[in-house]
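Have a look at the structure below, then the notes.
Excluded from the calculations below are hydrogen atoms, water molecules and symmetry mates; all remaining heavy atoms, backbone and side chain alike, are included. If you read the sequence from its start, that first residue is 1, and numbering goes on from there.
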Amino acid sequence: MTKMSFIKYDQSCDFPIQNLPYGVFSTAENPQHRIGVAIGDQVLDLSVVKELFNGPHLSECRDVFDKPVLNDLMGLGPPVWKEARQTLQKILSADDPTLRDNAELRGRAFVPQSQAVMHLPANIGDYTDFYSSIHHATNVGTMFRGKENAIMPNWKHLPVGYHGRASSVVVSGTPIRRPCGQTRSDESKPPTFGPCRLMDFELEMAFFVGPGNNMGEPIPVTKAQDHIFGMTLMNDWSARDIQKWEYIPLGPFLGKNLGTTIAPWVVTMEALASFAVPSISQDPKPLPYLQHEDNFNFDINLAAAISADGTNGPATISKTNFKYMYWSMKQQLAHHSITGCNMRPGDLLASGTISGPTDDSLGSMLELCWKGTREVSLGNGITRKFLKDEDEVILTGYCQGDGYRVGFGTCTGKVLPAINSMQ
């Protein structure tokens with residue numbers, strides 16, 4: 001039987017009672033950052049209703065809902081997360097009078113999402129980006145090395161990744177400045193300095209680490225799920241021409257640190273559990289420390305759109321799905337920590353660009369325009385190969401249930417013109 005809330009919403013709403021994602025918000029009247037849960041078009045302020053969390057776990061630590069970020073809640077682990085979700089679903093249900101019939105409490109506890117200013121949900125100590133979509137890796141490898149050498153020898157043996165820049169992770173709606181840097185468009189000439197000409201987005205998802213591990217003690221793949229709090233949408237902006245010139249031999253650097261945008265809402269793994277699907281078959285079989293039998297891939301519909309001057313609103317240019325991932329989040333976390341690297345609550349680990357098997361399911365402009373050899377239509381005769389100034393990229397995602405959807409909201413960002421510091 002479908003759960004119902006006394007908060008009204010329709011079947012296309014991203015935030016039904018089956019979802020209840022966490023975020024951090026403020027309002028014009030109260031600039032204090034506080035933890036909220038999305039329900040319909042409202043935000044439930046958990047600092048106002050924290051006394052209702054009186055179960056055996058949270059009754060001793062419900063002050064966690066007074067914090068300005070989610071890190072402390074993330075660090076408490078699955079039993080606390082489960083109890084919090086059960087309490088939220090109870091007090092928001094249509095047949096529970098606690099909030100439903102208390103107009104005074106409702107007036108203090110709920111804020112329209114239209115009036116909420118959203119912030120980063122956590123203090124992100126470290127950010128790591130993986131490269132775990134086989135379709136994306138194959139496409140990029142084919143472009144630059146040819147079909148026969150598309151996949152590097154290590155790719156099917158370990159989740160390839162790199163350490164990103166946590167300081168430039170920003171919340172949805174934050175503009176991103178086109179970067180300047182060294183590029184070498186003509187290999188017969190020296191490099192030049194100037195604005196990036198091949199500005200790109202990457203349609204990704206990311207997860208937040210929950211409880212961490214002690215330095216020197218890896219997280220076993222069979223227990224990795226207990227260290228994963230929830231997921232969010234991500235756009236890992238990329239300066240392709242800067243990246244091309246710099247990345248050998250040590251990989252991404254300035255081509256990636258210009259900005260990474262995440263959606264403000266974190267969808268918990270409990271909300272996603274019913275959408276788990278089998279992972280892609282892995283051949284060769286990974287080493288034992290990366291093997292797990294449980295389903296930990298997820299059927300999440302994803303889309304990317306561009307809103308540009310002269311178009312009739314956002315034009316959807318890609319539709320893909322998280323289920324196309326080759327390496328699971330459990331494998332990524334186990335591999336990341338196998339050296340004894342200490343993970344901490346609020347660390348952000350990203351999927352890498354998520355592409356599907358068809359031309360309309362590619363997760364970056366690099367693939368959609370196939371390295372500049374074809375154009376992407378935005379309607380009204382407007383086309384793109386890479387992003388122009390004032391283009392806004394809009395990422396969305398949701399899981400489709402029976403009469404409801406578990407959505408991730410939107411992840412948006414507009415490209416601003418470069419500032420050339422050499423002028």
Do Trp237 and Thr261 pass the side-chain contact (heavy atoms from CB on, under 4.5 Å) test, and can you show the C-alpha distance, the side-chain angles, and the key distance before you say yes or no? CA-CA 8 Å; Trp237 303 87; Thr261 305; 2.8 Å; yes

Could you walk me through whether Ile176 and Val415 pass the side-chain contact (heavy atoms from CB on, under 4.5 Å) check? CA-CA 5 Å; Ile176 298 295; Val415 180; 5.7 Å; no

For Thr192 and Gln182, what are the C-alpha separation, side-chain angles and deciding distance, and is it a side-chain hydrogen bond (donor to acceptor under 3.5 Å, both in side chains)? CA-CA 6 Å; Thr192 58; Gln182 284 194 33; over 6 Å; no

Candidate pair Gln113 and Phe25, rule side-chain contact (heavy atoms from CB on, under 4.5 Å), full reasoning: CA-CA 9 Å; Gln113 288 183 28; Phe25 76 103; over 6 Å; no

Under the side-chain hydrogen bond (donor to acceptor under 3.5 Å, both in side chains) rule, what do Asn312 and Asn380 come out as? Steps first, then yes or no, please. CA-CA 8 Å; Asn312 296 324; Asn380 281 359; 3.2 Å; yes

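Thr142 contributes a side-chain N or O that, together with a main-chain N or O of Thr138, makes up a donor-acceptor pair within less than 3.5 Å. Glu204 places a side-chain N or O within 3.5 Å of a backbone atom of Gly352 that can act as its donor or acceptor partner.
Checking Asn321, Val267, Leu272 one by one against Phe298, the side chain to side chain contact (heavy atoms under 4.5 Å, CB included) holds for a single residue, Leu272. Screening Lys385, Lys414, Arg384 for a salt bridge (charged side-chain N to carboxylate O under 4.0 Å, His left out) with Asp391, the sole residue that qualifies is Arg384.
A salt bridge links Arg240 to Glu202: at least one charged side-chain nitrogen sits closer than 4.0 Å to a carboxylate oxygen. Salt bridge status for Asp294 with Lys330: present, with a side-chain N to carboxylate O gap under 4.0 Å.
The 12-atom threshold is not exceeded at CZ of Arg165, counting heavy atoms of other residues, nucleotides or ligands nearer than 6.0 Å. Counting heavy-atom neighbours within 6.0 Å of Phe253 CZ, excluding the residue itself, gives a total of 12 or less. By the neighbour-count criterion of 12 heavy atoms within 6.0 Å, atom CD of Gln11 is sparsely surrounded, having that number or fewer from other residues, nucleotides or ligands. Dense packing is recorded around NZ of Lys50, with more than 12 heavy atoms of other residues, nucleotides or ligands lying under 6.0 Å away.
Counting heavy atoms from C-beta outward, Ser355 and Tyr324 have side chains that stay 4.5 Å or more apart. Contact annotation: the side chain of Trp81 approaches that of Phe229 to within less than 4.5 Å [non-hydrogen atoms, C-beta and beyond]. Within the 4.5 Å cutoff, no side-chain heavy atoms of Asp283 are placed close to those of Lys156. Looking at heavy atoms from C-beta onward, Asp126 lies in side-chain contact with Arg344 at the 4.5 angstrom threshold. Asn295 has its side chain out of reach of Asn297: every pair of non-hydrogen atoms, C-beta onward, lies at least 4.5 Å apart.
Side chain to side chain, Glu29 and Gln115 fail the donor-acceptor criterion of an N or O pair below 3.5 Å. Checking Thr383 against Ser377 by side-chain atom types alone, no donor-acceptor pair falls below 3.5 Å.
Annotation: cation-pi geometry not satisfied between Lys3 and Tyr404 (NZ/CZ under 6.0 angstrom from ring centroid, within 45° of ring axis).
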